[in-house]
Each structure stands twice: as structure tokens, then as C-alpha cells.
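Shown next, in C-alpha cells, is the structure this report addresses.
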Amino acid sequence: MGRGIDLTIEHCLQRAWYAKANKEQSYVALQKALMFAQRAVHLAPHDKAAVYNMAMIEQKAAEMVFSLTPKRTLKDLRRVVELASHAQK
């Protein structure tokens, strides 16, 4: 497969996992979406849409973990603070 096709697949998988995460309020699904977003940025580091999508997912992860009070762990909180910092760059 060519790079363009791989990037398109990564974007589609990212969107699907992001939709699932939002629908189910699932931090695990959001982590999957982030993984695919990171892969897309790796494939096309200068693609502004890929970089933007990754930053939005990082921001959403922070929002989600802070709203999941009884289910969050210290490890999750530390990770999302790191992601939120990265998203602001």
C-alpha cells in the first residue's frame, strides 16, 4: 500500500475509535483513537489535519479522564496532563 492509502486508513480508524469513545465515554477507546492519530502524524508529520486531530484527541482525553472521577487512576491523570501539555504546543 502507498503512504496515501495508509494515511487514509489511519484517519478512518482514528475517527471510528473517537466516535466510539464519545458515544460510550470510554477512555480506552479514546486511547485507541490517539494511537491511530499518532500513526497518522508519523506517516505525514507536516499534515496539519493529522496534527490537529491528534491535539484534539489529546485534549478530549484530558477532559474525559477528569470527568470520570470514580474510574480514573493516578496513572491516567498523569498521562492526560502530559497529553494536554502536548496538545497546547
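These values consider heavy atoms only, across backbone and side chains, with no hydrogens, waters or symmetry-generated copies.
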Distance, nearest 0.5 Å, that separates CD of Q31 from CD1 of I57: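 Going from the CD atom of Q31 to the CD1 atom of I57 covers 12.0 Å.
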About how many Å separate CG of N53 and CD of Q38, when rounded to the nearest 0.5 Å?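 Going from CD on Q38 over to CG on N53, the span is 12.5 Å.
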Might you work through the side chain to side chain contact (heavy atoms under 4.5 Å, CB included) test for K60 and Y18, ending with a clear yes or no? CA-CA 9 Å; K60 182 66 175 180; Y18 184 78; 3.9 Å; yes
Side chains of M35 and W17 in contact at under 4.5 Å (non-hydrogen atoms):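 Not in contact.
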Considering only residues two or more places apart or on different chains, which pairs with a residue in residues 28-41 satisfy salt bridge (Lys or Arg N to Asp or Glu O under 4.0 Å)?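 Those involving residues 28-41 are E10-R39.
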The criterion is side-chain hydrogen bond (donor to acceptor under 3.5 Å, both in side chains); which residues satisfy it with E24, sequence neighbours excluded?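 Applying side-chain hydrogen bond (donor to acceptor under 3.5 Å, both in side chains) to E24 gives K20.
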Measure across H11 and A40 and return the closest heavy-atom pair with its distance rounded to 0.1 Å.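 For H11 and A40, the tightest heavy-atom pair comes out as CE1-CB, 4.2 Å.
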Give the minimum heavy-atom separation between A44 and A50, together with the two atoms involved.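 Where A44 meets A50 most closely, the heavy atoms are O-CB, 4.4 Å.
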Go through the structure and list residues passing side-chain contact (heavy atoms from CB on, under 4.5 Å) with L13, not counting sequence neighbours.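 Only I9, F36 meet the side-chain contact (heavy atoms from CB on, under 4.5 Å) criterion with L13.
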